[in-house]
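What you see below is based on every heavy atom in this structure, not just the backbone, and it leaves out hydrogens, waters and symmetry mates.
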Amino acid sequence: MILVAFRSRLRPEATESYAAMAQQIGPLAMAVPGYVAHKAYTAADGERVTLVEYESEDAVKLWARDRQHAAAKKAGHAEFFSWFRVQVCQVLSDRSHDAADKRPAAPPAASGHPVIARYY
């Protein structure tokens, strides 16, 4: 599993144009083979964080090379963001808890990489 953390600050004048672009690009991102899920958050200080999960590094590369995504990135540099940071991370451990879910947790996906687990 690969996790992409996209942190950014929108320019105040770009709020509407960014929202329109995001409405168009979002469904394309979700259609990429290997896309798993994403969540977006905005902190009290205005920093935005989007976390995107992909099945593999190949899926991330596929999205990175998408021509419409490339155009959106170019607009991000020129128009939308006063600052951004992208971090592409390999998930070394993945566990969860849901008190309502009585099923045992699924084992981590076989990726060929060792899984590091900590038990507290």
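The backbone N or O of Ala64 sits less than 3.5 Å from a side-chain atom of Lys73, completing a donor-acceptor pair.
Residue pairs meeting the ring pair (Phe, Tyr, Trp, His ring centres under 6.0 Å) criterion with at least one partner in residues 55-76, sequence neighbours excluded, are Trp63-His69.
Sparse packing is recorded around CD of Glu16, with 12 or fewer heavy atoms of other residues, nucleotides or ligands lying under 6.0 Å away. The number of heavy atoms from other shown groups lying within 6.0 Å of CD (Gln87) is above 12.
Taking each heavy atom of Ala22 and Pro27 in turn, the nearest pair found is O-CD, 4.4 Å. The minimum heavy-atom distance between Gly34 and Ala59, with the atom names listed, is CA-CB, 3.8 Å.
For the pair Arg11 and Glu79, the salt-bridge criterion is not met [side-chain N within less than 4.0 Å of a carboxylate O].
Under the 4.5 Å side-chain heavy-atom criterion for grouping Ile, Leu, Val, Met, Phe, Trp and Tyr, Val91 is not connected to Val52 through any hydrophobic cluster. In terms of hydrophobic clustering, with Ile, Leu, Val, Met, Phe, Trp and Tyr side chains grouped at heavy-atom distances under 4.5 Å, Tyr54 and Phe6 are assigned to a common cluster. Criterion: ILVMFWY side-chain heavy atoms under 4.5 Å apart, direct or through other members. Under it, Leu51 and Val60 are not part of a common hydrophobic cluster. Taking hydrophobic clusters as Ile, Leu, Val, Met, Phe, Trp and Tyr residues chained together by side-chain heavy-atom distances below 4.5 Å, Met30 shares a cluster with Val32. Criterion: ILVMFWY side-chain heavy atoms under 4.5 Å apart, direct or through other members. Under it, Phe80 and Val86 are part of a common hydrophobic cluster.
Note that CD of Glu57 is 5.5 Å distant from CD1 of Ile2, once rounded to the nearest 0.5 Å. Between the CZ atom of Arg9 and the CG atom of Asp45 there is a distance of 4.5 Å, given to the nearest 0.5 Å. For the atom pair OH (Tyr35) and CG (Leu62), the distance works out to 14.5 Å, reported to the nearest 0.5 Å. Of the inter-residue distances, the one linking Leu3 atom CG with Glu53 atom CD reads 6.5 Å to the nearest 0.5 angstrom. Here Ser82 contributes atom OG and Leu10 contributes atom CG; the two are 8.0 Å apart, rounded to the nearest 0.5 Å. Glu47 CD to Trp83 CH2: the interatomic distance, rounded to the nearest 0.5 Å, is 4.5 Å.
For the 3.5 Å distance criterion, the side chains of Ser93 and Arg95 qualify, holding a donor opposite an acceptor.
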